[in-house]
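Computed from a predicted model, the values in this text were never measured in an experiment. Below, read A as the first sequence line, B as the second, and so on, with proteins coming before strands; counting in each chain starts at 1.
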There are 2 protein chains.
Amino acid sequence: MTSDKRRLQPRKQPRQVRAELTRQRILTAAAHVFAEHGYAAGTTNRIAERARISIGSLYQYYPNKDAILVELVARHLDAGVAALARREENGLPDSLEEIVRLYVRTAIENHLDDPQLLRVMIEHAPRSLALLEKVARFEQERVAYMRELFDRHPEVRVGDSETAARLVVSTVELVVHQLTAAPDPIDIPRFENELVAMLTRYLSAAG
Amino acid sequence: MTSDKRRLQPRKQPRQVRAELTRQRILTAAAHVFAEHGYAAGTTNRIAERARISIGSLYQYYPNKDAILVELVARHLDAGVAALARREENGLPDSLEEIVRLYVRTAIENHLDDPQLLRVMIEHAPRSLALLEKVARFEQERVAYMRELFDRHPEVRVGDSETAARLVVSTVELVVHQLTAAPDPIDIPRFENELVAMLTRYLSAAG
DNA sequence: CACAATTATGAGCAATTATTCAGTTCGCGC
DNA sequence: GCGCGAACTGAATAATTGCTCATAATTGTG
């Protein structure tokens, strides 16, 4: 139950394709099980069962339950970074509103995959030292990136770009998550518009 | 582990002062234990120990662990409603910004008590049917109230007041919670200013 | 004081869970 | 097709947890 497990690295370096495959099966199964039952009720035996491997095999690849979720989170964060980078390949739009929209839309798409799993990740983060560090570092980078962007862009008028960046990053992350994970379906495009409008007006208004 | 326990009501109607006292001890202890260990690791035995009563007594007042958290949530929601009502006793301010500030500040104060406990409440809500219903009803009321307020106020210019109300309620709740529960201390007044600015500009800008 | 109702006790049960390990099977180079 | 390490197996273990119940203590009442 403690968070500071010593070894979160895989126990075994895979040498055969078989091993790599098993590792992937575990992750996929874990994603399903955690999403459906939550972290506490998502038992390692259930994960192994769903992956159709023995519980012993699971513990050859992950030293404990926490490590599995940590890897899932790491992969999710990486996917998010990659998605944003891909969208920026052709350069950012000029207008602030379009930049904000790009950012918001990427966030939405990233959350649309599996909102339930994401909920588990977010919920469990504060109880896992490994996750806490990983997520904190990620958010810091995000804020720094946003801040730089705000500093450069001529439409942006805010007193303190650091505070503004934090507020924007938090708001997008939280609101998007809540909306996509909400039990009752929601008109996504409309909320995207409103969220973009709110952020754009905030950033571009005179201080 | 299932959420739909049949009886969430206290098992016993207290007839002596002693009983009422014990009940309060349990709640106070539970608040501390849940805040410190989270829901899963916040065991009923630990709660009883902290309340300095026997585990048997605990189960005379609450049929199961879930019921304890449900009552804590109910009390928190009631306190929130009461706090807002108290602030509105002398009438609302005229300017939109001041109304928004009043709302944001009340939310902050409500979260400042015990952010960790609040985190547990929020996290566990989706796994408990009783909590889910309670919180959903509360949020609906909040949204309806906000919407009506927006419809009346001359400074508010939004296309769809329902969507705007939802966005505002969600944003305040989520951002305030994240900020107050954040591990590193944060400049609360500054964030209050920025959040108020963001919401006000959003609501008052021309659609 | 006596008696009944209310409240408190806590050892222990049943169920669940993460994790281990002794043994088996598989795959690949020779 | 042989041998050896890599990969897999799953029954067993130790620990934990929510909760019960038979019993005891306390309180109010006539």
Side-chain angles (χ1 to χ4, degrees), chain A residues 1-27 29-30 33-34 36-70 124 127-128 130, chain B residues 1-27 29-30 33-34 36-70 124 127-128 130:
Chain A
M1 291 285 166
T2 31
S3 308
D4 55 328
K5 299 300 166 59
R6 252 144 278 149
R7 301 180 303 168
L8 287 170
Q9 288 312 311
R11 292 184 150 170
K12 151 181 309 189
Q13 307 300 332
R15 324 241 156 154
Q16 300 177 14
V17 239
R18 188 166 47 138
E20 194 59 54
L21 222 83
T22 304
R23 166 178 284 279
Q24 189 55 54
R25 293 167 69 85
I26 294 171
L27 283 181
V33 170
F34 283 145
E36 189 176 340
H37 300 91
Y39 184 77
T43 71
T44 48
N45 280 289
R46 236 194 277 257
I47 293 171
E49 190 184 17
R50 164 129 204 171
R52 301 223 225 168
I53 57 159
S54 85
I55 180 64
S57 292
L58 187 149
Y59 278 94
Q60 297 222 334
Y61 292 95
Y62 297 94
N64 53 58
K65 194 175 147 180
D66 212 46
I68 304 177
L69 191 66
V70 168
H124 189 62
R127 308 256 161 230
S128 158
Chain B
M1 289 285 168
T2 32
S3 307
D4 53 329
K5 298 300 166 59
R6 252 145 277 150
R7 300 180 302 168
L8 288 171
Q9 288 310 313
R11 293 184 150 170
K12 147 181 314 186
Q13 308 300 333
R15 325 242 154 153
Q16 301 176 13
V17 239
R18 188 168 47 140
E20 195 59 53
L21 221 84
T22 305
R23 166 179 284 279
Q24 190 55 53
R25 293 168 70 85
I26 295 172
L27 283 181
V33 170
F34 283 144
E36 187 176 342
H37 300 90
Y39 184 77
T43 71
T44 48
N45 280 290
R46 236 194 275 258
I47 293 171
E49 190 185 14
R50 166 128 203 169
R52 301 222 225 170
I53 56 157
S54 85
I55 181 63
S57 291
L58 188 150
Y59 278 94
Q60 296 223 338
Y61 292 94
Y62 297 94
N64 53 58
K65 193 175 149 180
D66 212 46
I68 304 176
L69 192 65
V70 169
H124 189 63
R127 308 254 160 231
S128 159

A:V70 vs A:S128, side chain to side chain contact (heavy atoms under 4.5 Å, CB included): CA-CA, chis, key distance, verdict: CA-CA 9 Å; A:V70 168; A:S128 158; 4.3 Å; yes

Nearest whole Å is fine: how far is C:dT16 C1' from A:E49 CD? 14 Å

Could you go through nucleotides 10-12 of chain C and list every protein N or O atom that sits under 3.5 Å from one of its N or O atoms, giving the distance for each pair?
residue : atom : partner : partner atom : Å
C:dG10  : N7   : B:S54   : OG           : 3.4
C:dG10  : N7   : B:G56   : N            : 3.3

Which is true for A:T44 with a 4.0 Å heavy-atom rule: it touches a base, it touches only sugar-phosphate, or it touches nothing? base

Taking OP1 and OP2 of C:dT20, is either one under 4.0 Å from a side-chain nitrogen or oxygen of A:Y59? no

Compare side-chain N and O positions of A:Y61 against OP1 and OP2 of D:dC8 and report whether any pair is under 4.0 Å apart. yes

Taking CZ from A:R25 and C1' from D:dC8, how many angstroms apart are they, rounded to a whole number? 12 Å

Take atom CG of A:L21 and atom C1' of D:dC8, then tell me their distance rounded to the nearest Å. 14 Å

Can you name the nearest heavy-atom pair linking B:K65 to B:Y39, along with the distance? NZ-O, 2.7 Å

Calculate the interatomic distance between B:Q60 atom CD and D:dT23 atom P; express it in whole Å. 16 Å

5'-most contact on DNA chain D (nearest-nucleotide basis), B:R18 vs B:R46, goes to B:R46

Does B:Q16 have any side chain to side chain contact (heavy atoms under 4.5 Å, CB included) partners at least two apart in sequence or in another chain, and if so, which? B:R18

Please name all residues satisfying side chain to side chain contact (heavy atoms under 4.5 Å, CB included) with B:Q24, sequence neighbours left out, ordered by chain then number. B:L27, B:T28, B:R75

Does the side chain of B:Y61 come within less than 4.5 Å of B:R25's, by heavy atoms? no

Toward the 5' end of DNA chain C, by each residue's nearest nucleotide, A:Y39 or A:V17: A:Y39

Could you state the atom-to-atom distance from CD of B:Q16 to P of C:dA5 in whole Å? 13 Å

Send over the distance from A:Y62 OH to D:dA7 P, rounded to a whole Å. 14 Å

Side-chain donor/acceptor pairs under 3.5 Å, residues 44-53 of chain B, sequence neighbours excluded:
residue : atom : partner : partner atom : Å
B:T44   : OG1  : B:Y59   : OH           : 3.3
B:R46   : NE   : B:A41   : O            : 3.4
B:R46   : NH2  : B:A41   : O            : 3.4

D:dT16 phosphate, OP1 or OP2: any side-chain N/O from B:T43 under 4.0 angstrom? no

For a quick test of reading the model, state the closest non-hydrogen atom pair linking B:R127 to A:F34 and the distance between them. NH2-O, 4.3 Å

